[in-house]
Amino acid sequence: MKLYNDLTRRKEEFEPLVPGEVRFYVCGPTVYDFFHIGNARPFIVFDVMRRYMESTGLEVTYVQNFTDIDDKMINRARDLGITVPELADRFIAAYYEDADALGIHRATVNPKATEHIPEIITMVEKLIESGHAYVSEGTVYFEVSTFPEYGKLSKQSLEELQSGARIDVDERKRHPLDFALWKARKEGEPFWESPWGPGRPGWHIECSAMATKYLGETADIHAGGSDLIFPHHENEIAQAEAATGKPFIRTWVHNGYLLMDNEKMSKSLGNFLTAREMRKRFSPLAIRLFMLSAHYRSPINFSDDSLRQATAAVERLRNCWTALEEAKAAPIEKADGGPHGLVNEIGRLRDRFREEMEDDLNTAGALGAVFEAVKAINSALRESPALGPDTLGEAEDFLKRTDEILGVLGIGKESESGPSDEEIESRVSERAAAKKNKDFKLADAIRSELLEHGVILEDTSQGTRWKRQI
RNA sequence: GGCGGCAUAGCCAAGCGGUAAGGCAGAGGACUGCAAAUCCUUCACCCCCGGUUCGAAUCCGGGUGCCGCCUCCA
């Protein structure tokens with residue numbers, strides 16, 4: 001497939017270093033709070049990227065870290081009156097709850113920074129030995145001027161980066177852009193012993209250390225939000241490549257921001273909505289479809305209206321699936337009366353879906369293919385000679401396979417809230433009796449009562465069908 | 001100041017030189033006790049001005065507007 005590589009600023013044919021195996025790293029959350037839906041964007045789109053790769057037969061080692069020690073962790077733990085590890089445990093658990101609910105597949109590994117202190121120390125030592133880092137008052141800095149390629153990801157020279165800089169002057173640094181690999185201990189902060197005295201790792205080093213540990217010195221893909229390009233990813237490259245002498249990452253991919261009222265959603269601006277709150281208001285399926293309805297590198301603007309539109313779109317998808325299941329269950333004696341045109345159409349759309357996904361993960365285009373299939377299926381379904389099992393199977397297979405990648409249909413994930421199936425069934429039969437007696441007033445009352453409980457009734461020629469609201 | 005992104009119908013959005021996917025909403029029709037679902041029909045000359053080309057939403061130049069990174073941030 002083709003991927004846009006931020007290192008070369010070009011769309012390139014992606015070929016894993018080792019044929020058939022992809023080493024994929026995604027920057028994960030700092031676990032000091034619930035993640036918000038802006039944070040959720042990379043989790044979801046790179047989950048889809050990974051699923052697509054897996055669907056083509058690639059074996060993906062997918063690593064997403066937890067940053068469980070940094071300033072934000074320390075401050076938050078202090079505010080809450082708990083220890084940093086307690087804080088981390090709490091929000092790692094919350095991360096899994098939210099991410100699982102959003103249908104994000106679990107990573108191969110979720111390494112934590114605090115569990116990789118030895119690896120981090122080893123890497124820092126290497127950098128000091130090779131003259132890329134220096135110690136100043138117990139803090140170790142990476143010396144950017146020793147890495148001539150510094151700025152190759154953000155396409156900025158040291159001078160350019162510096163001129164616009166809003167960095168505090170720090171006389172312990174040799175260059176304003178030098179950054180901490182290891183921070184000397186401060187009173188009241190967690191610390192680990194190191195050759196330079198007690199302290200804790202800097203932010204950037206954990207990713208370099210963990211990525212090389214789990215994926216080797218050169219990995220295929222490293223992903224994250226665009227705001228990580230500088231300084232985080234730039235620094236990761238500098239550290240890792242200075243330490244190993246090998247290219248760190250072959251393809252860098254970054255997602256665009258999620259905006260709220262046309263401004264970047266961020267904790268510091270305060271214009272954020274946690275995934276947790278979001279889940280109360282909208283179905284995870286709708287949230288996923290919303291995220292996938294635009295290209296992953298474009299900005300998307302969050303709004304209630306967008307989510308409502310996504311919800312309606314998901315319903316259309318699910319209605320089609322339900323109709324297909326019903327058609328399959330219906331007794332059909334006759335076999336396929338020869339190949340149906342739908343089979344060809346589905347075949348065409350399979351190709352189209354793949355082409356869109358191959359083109360830098362164009363999920364919006366791929367969704368277009370899915371919806372075209374939905375239209376074709378619905379249309380074929382209402383034709384008079386019923387579709388044979390082969391044709392139905394083909395349609396079902398298409399939806400199933402594309403959904404294994406996109407995860408917007410919720411096959412097998414029906415909501416269980418509200419009245420029990422038995423209660424609903426019994427109300428539906430009551431209503432059927434009422435209808436038979438032409439007591440439409442009662443029938444309508446039952447229908448609206450169930451609707452209030454999140455159950456939608458639809459009368460068809462085969463009787464009443466019900467479904468739960470998503 | 002440097003680097004980068006975006007501007008397509010009422011809304012969301014694909015499109016990467018060959019005459020505008022798809023979704024939501026709307027209108028008309030079919031079906032229906034009603035509603036819903038579904039189907040059929042309908043709904044855009046692509047921010048502006050130049051240029052290249054037989055041909056441009058798509059390429060080039062110049063504008064305008066919006067957003068982001070250069071500090072923690074997905």
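Here the nucleotide nearest the side chain of A:S298, chosen from B:rC39, B:rA13, B:rA14, is B:rA14. Here B:rA14 is the nucleotide among B:rA74, B:rA14, B:rC39 with the atom lying nearest to any side-chain atom of A:H295. The A:E458 side chain lies nearest to B:rA37 when the options are B:rC70, B:rA37, B:rA74. Considering only the side chain of A:R447, B:rA35 comes nearest among B:rA35, B:rA14, B:rC69. Listed candidates were B:rG2, B:rG4, B:rA74. Nearest to the side chain of A:N39 is B:rA74. Here B:rC67 is the nucleotide among B:rC40, B:rC67, B:rA37 with the atom lying nearest to any side-chain atom of A:L259.
For the segment residues 66-74 of chain A, residues with any heavy atom less than 4.0 angstrom from an atom of RNA chain B are, sorted by number, A:K72.
Contacts of A:E345 classified as side-chain contact (heavy atoms from CB on, under 4.5 Å), with partners at least two apart in sequence or in another chain: A:R348, A:L349, A:A376. In this view, A:E449 and A:R427 satisfy the salt bridge (charged side-chain N to carboxylate O under 4.0 Å, His left out) rule, not counting sequence neighbours. By the salt bridge (charged side-chain N to carboxylate O under 4.0 Å, His left out) test, A:D304 pairs with A:R281, sequence neighbours left out. In this view, A:E425 satisfies the salt bridge (charged side-chain N to carboxylate O under 4.0 Å, His left out) rule with no residue, not counting sequence neighbours. Qualifying side-chain contact (heavy atoms from CB on, under 4.5 Å) partners for A:T8, counting only residues two or more places apart in sequence or in other chains: A:N5, A:R10, A:E12. Residues satisfying the salt bridge (charged side-chain N to carboxylate O under 4.0 Å, His left out) test with A:D98, not counting sequence neighbours, are A:R276, A:R279.
If you check every strand for non-hydrogen atoms under 4.0 Å, A:R348 touches nothing. Counting non-hydrogen atoms under 4.0 angstrom, A:L258 reaches a base of the nucleic acid. Here A:Y257 lies in heavy-atom contact (under 4.0 Å) with a base. When heavy atoms are screened at a 4.0 angstrom cut-off, A:N255 is found touching base atoms of the nucleic acid. Counting any heavy atom pair closer than 4.0 Å across all strands shown, A:L228 reaches sugar-phosphate atoms only and no base atom.
Evaluated for a ring pair (Phe, Tyr, Trp, His ring centres under 6.0 Å) with A:F35, the options A:Y96, A:F66, A:Y95 yield exactly one hit, A:Y95.
A:F142 and A:F179 have parallel rings, their planes meeting at less than 30° on a 0 to 90° scale where 60° marks the start of perpendicular.
Within the structure, every side-chain polar atom (N or O) of A:N301 is placed at least 4.0 Å from both OP1 and OP2 of B:rC12. Taking only side-chain nitrogens and oxygens, A:N262 never comes nearer than 4.0 Å to OP1 or OP2 of B:rC67.
To the nearest angstrom, P of B:rA74 lies 12 Å from CZ of A:F272. Note: CZ (A:R297) to P (B:rC67) measures 21 Å, nearest angstrom. If you take CG of A:L317 and P of B:rA37, they are 15 Å apart, rounded to a whole angstrom. Rounded to whole Å, atom C1' of B:rA74 lies 16 Å from atom CE of A:M260. Protein atom CZ of A:R382 is 8 Å distant from nucleotide atom C1' of B:rC40, rounded to whole Å. Computed from coordinates, the A:F302 CZ to B:rC67 P distance equals 19 Å when rounded to whole Å.
Of the C1' atoms belonging to B:rC60 and B:rU53, the separation is 12 Å, rounded to the nearest Å. B:rG63 and B:rG10 are spaced 29 Å apart, taking the P atom of each and rounding to whole Å. Rounded to whole Å, the separation between the C1' atoms of B:rA25 and B:rU64 comes to 30 Å. Nucleotides B:rC16 and B:rC11 have their C1' atoms positioned 25 Å apart, rounded to a whole Å. Taking atom C1' in both B:rC72 and B:rA20, the straight-line distance is 43 Å, to the nearest Å. B:rC24 and B:rG61 have their P atoms separated by 39 Å, with the value rounded to a whole Å.
Residues A:L285 and A:L409 fail the side-chain proximity criterion, which asks for heavy atoms closer than 4.5 Å.
No N or O donor and acceptor, one from the side chain of A:R41 and one from the base of B:rA74, sit under 3.5 Å apart. For a distance-only test at 3.5 Å, the side chain of A:D444 qualifies as a donor-acceptor partner of the base of B:rG33.
Remark on RNA chain B: of its neighbouring residues A:S154 and A:K435, the 5'-side contact belongs to A:S154, judged by nearest-heavy-atom nucleotide.
Salt bridge status for A:R51 with A:E404: absent, with no side-chain N to carboxylate O gap under 4.0 Å.
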(request) Classify every nucleotide of nucleotides 20-26 of chain B by which part a protein heavy atom approaches to under 4.0 Å, writing B for the base, S for the sugar-phosphate alone and - for neither, in 5'-to-3' order. (result) -BSBB--
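For the salt bridge (Lys or Arg N to Asp or Glu O under 4.0 Å) condition, the pairs that include at least one residue of residues 261-270 of chain A, sequence neighbours left out, are A:D227-A:K264.
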